[in-house]
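Step one of this worksheet: look at the structure below.
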Amino acid sequence: MRCVCCHHEEFSYQYTLRDLSFGEDGQWDFVCCNECGHGFLLPIPTEEELVTLYTNLYSKEKKEQMIKMGKGDFDQSLQHRRARMLAESLVGQDIRCIVDVGCGMGFSLEKLAQKWPSSRSVGLEMSPIAAEEAQKIEGVDIHHLSFQQAIQSQIWNRGEVDIITMNHVVEHLIDPKVDLQKSYDQLRPNGVLLIEIPHLDGWGRRWMKKWWWGHLPPQHIHLFTLIGIDKLLQDVGYTIVSKE
């Protein structure tokens, strides 16, 4: 195997993980690249396993918890910050198409639709329960599809998207380089990708190690260092304009 970020072939075992949040059966080894520090699970879940996982993720009880979180002060502040960062990067541009990959219940996409009310705001979500909840929001176009399924279905025209957001999505992907390359191909020449990910080399993981909240196996397959994510984004063609 090669590191998805720097292509290095040597890794170091860190520890074994279990799912302490949602009770998924099994255990996974967590390893890190010896070059850039990028971490990932072994074995990597299959596409079929992930579809089942996300289909079952939002029970009625969990849905209510997620709605409460999405409407809470902390998440609301994140949603407004994302909209602000995008507005600062796109001053003076005519925004006609926004795509939120892994939109959940649509809270963040709703803020973007309010920021650019004349744009088409598309949300993609693999959980049918979350997608159904997001469809209640006015002014957004929600699809129960993965990013690659949406591209194949031609829900928008290639090269005509102004904004793509992936908030806590990239760490869930089996091969993040494939989806990031496809996101680059969908954007206009001056389009913007906004991603939000757990910070593997932050103080939280250094302090808590295997008990760090960001592990969340088997959902979080890849966990990125700053060096690793910069390398990956630049490899697929992006220019990094802002970090927070």
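What's counted below: heavy atoms across the whole structure, side chains too, no hydrogens, waters or symmetry copies. The first residue of the sequence shown is numbered 1, and numbering continues consecutively from there.
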Main-chain N/O of T225 paired with H199 side-chain donor or acceptor, under 3.5 Å: no

Closest approach of H220 and G214, non-hydrogen atoms and distance? ND1-O, 2.6 Å

Salt-bridge contact E244-R84 (side-chain N to carboxylate O under 4.0 Å): yes

Quick check against the 3.5 Å criterion: does E35 have a side-chain atom that pairs as donor or acceptor with the backbone of H8? no

Output every pair passing ring pair (Phe, Tyr, Trp, His ring centres under 6.0 Å) with a member in residues 124-161, not counting sequence neighbours, ordered by first then second residue. none

Heavy-atom closest contact (A134 atom, G106 atom, distance): CB-N, 3.8 Å

What distance separates I240 CD1 from K231 NZ, expressed to the nearest 0.5 Å? 11.0 Å

For F40, which of V31, V4, I174 qualifies under side-chain contact (heavy atoms from CB on, under 4.5 Å)? V31

Any donor-acceptor pair under 3.5 Å linking the side chain of E49 with the backbone of T46? yes

Can you tell me which residue pairs pass the side-chain hydrogen bond (donor to acceptor under 3.5 Å, both in side chains) test with a partner in residues 210-219, sequence neighbours excluded? Y15-H215

Taking the side chain as every heavy atom from C-beta outward, state whether V161 and I98 have any atom pair closer than 4.5 Å. no

Working for side-chain contact (heavy atoms from CB on, under 4.5 Å), residues V192 and D162: CA-CA 6 Å; V192 170; D162 299 286; over 6 Å; no

Minimum heavy-atom separation for G228 and C36, please, with both atom names. CA-SG, 4.2 Å

Atom pair NZ (K111) and CZ (R81), whose distance is rounded to the nearest 0.5 Å: 14.5 Å

Going by chain and number, the hydrophobic cluster around F74 (ILVMFWY, side chain to side chain under 4.5 Å) further includes L78

Inspect the surroundings of OH in Y238 and state if more than 12 heavy atoms from other residues, nucleotides or ligands are less than 6.0 Å away. yes

Side chains of C5 and I229 in contact at under 4.5 Å (non-hydrogen atoms): no

List in chain and number order the residues that pass side-chain hydrogen bond (donor to acceptor under 3.5 Å, both in side chains) with H7, two or more places apart in sequence or in another chain; answer none if no residue qualifies. D235

Tell me the closest heavy-atom pair linking L109 and S121, and the distance in Å. CD1-CB, 3.9 Å

Taking atom CE of M105 and atom CG of D75, what is their separation to the nearest 0.5 Å? 11.5 Å

Could you check whether any side-chain N or O of Q76 sits under 3.5 Å from a backbone N or O of G70, counting only pairs where one atom can act as donor and the other as acceptor? yes

To the nearest 0.5 Å, how far apart are CG in L194 and OG1 in T165? 6.5 Å

Please determine whether side-chain contact (heavy atoms from CB on, under 4.5 Å) holds for the pair M1 and I44, giving the CA-CA distance in whole Å, both sets of side-chain angles, and the decisive distance to 0.1 Å. CA-CA 12 Å; M1 292 186 65; I44 292 177; 4.0 Å; yes

Give every residue pair that meets the side-chain hydrogen bond (donor to acceptor under 3.5 Å, both in side chains) criterion with at least one member in residues 89-98, sequence neighbours excluded. none

Checking H38, E10, H222, E9 against C3 for side-chain contact (heavy atoms from CB on, under 4.5 Å), the one that qualifies is H38

Is a donor on one side and an acceptor on the other found under 3.5 Å between the side chain of Q14 and the backbone of S12? yes

Any idea which heavy atoms bring W28 and P217 closest together, and the distance? CE3-CB, 3.7 Å

Rounded to the nearest 0.5 Å, what separation is found between the CG atom of L216 and the CG atom of L41? 10.0 Å

Between E125 and G102, which heavy-atom pair has the shortest distance, and what is it? OE1-C, 3.5 Å

With a sphere of 6.0 Å drawn around CD1 of I227, does it hold more than 12 non-hydrogen atoms of other residues, nucleotides or ligands? no

Salt bridge or not for D201 and R206, using N-O below 4.0 Å? no

Indicate whether any N or O donor in one side chain lies under 3.5 Å from an N or O acceptor in the other, for H168 and E196. yes

Once rounded to the nearest 0.5 Å, what's the spacing between atom CG of L180 and atom CG of L193? 6.5 Å

Side chains of V101 and D179: does their closest heavy-atom pair fall under 4.5 Å? no

Kindly indicate whether the side chain of L112, heavy atoms from C-beta on, has any atom under 4.5 Å from the side chain of D100. no

K182 backbone acceptor or donor facing Q186 side chain under 3.5 Å: yes

Above 12 or not: heavy atoms from other molecules or residues under 6.0 Å from CD of E88? yes

Audit row: N167, R82, side-chain contact (heavy atoms from CB on, under 4.5 Å) steps and yes/no: CA-CA 9 Å; N167 301 314; R82 292 166 191 154; 3.5 Å; yes

For F107, give me all partners under ring-ring contact (aromatic ring centres under 6.0 Å, His included), at least two apart in sequence or on another chain. none

Tell me if the centroids of the rings in Y13 and F30 come within less than 6.0 Å of each other. no

Using modelled atom types and a 3.5 Å cut-off, is there a donor and acceptor pairing between side-chain atoms of D19 and backbone atoms of E24? yes

Would L90 and I163 satisfy side-chain contact (heavy atoms from CB on, under 4.5 Å), going step by step from the backbone distance to the final call? CA-CA 9 Å; L90 294 162; I163 296 171; 3.4 Å; yes

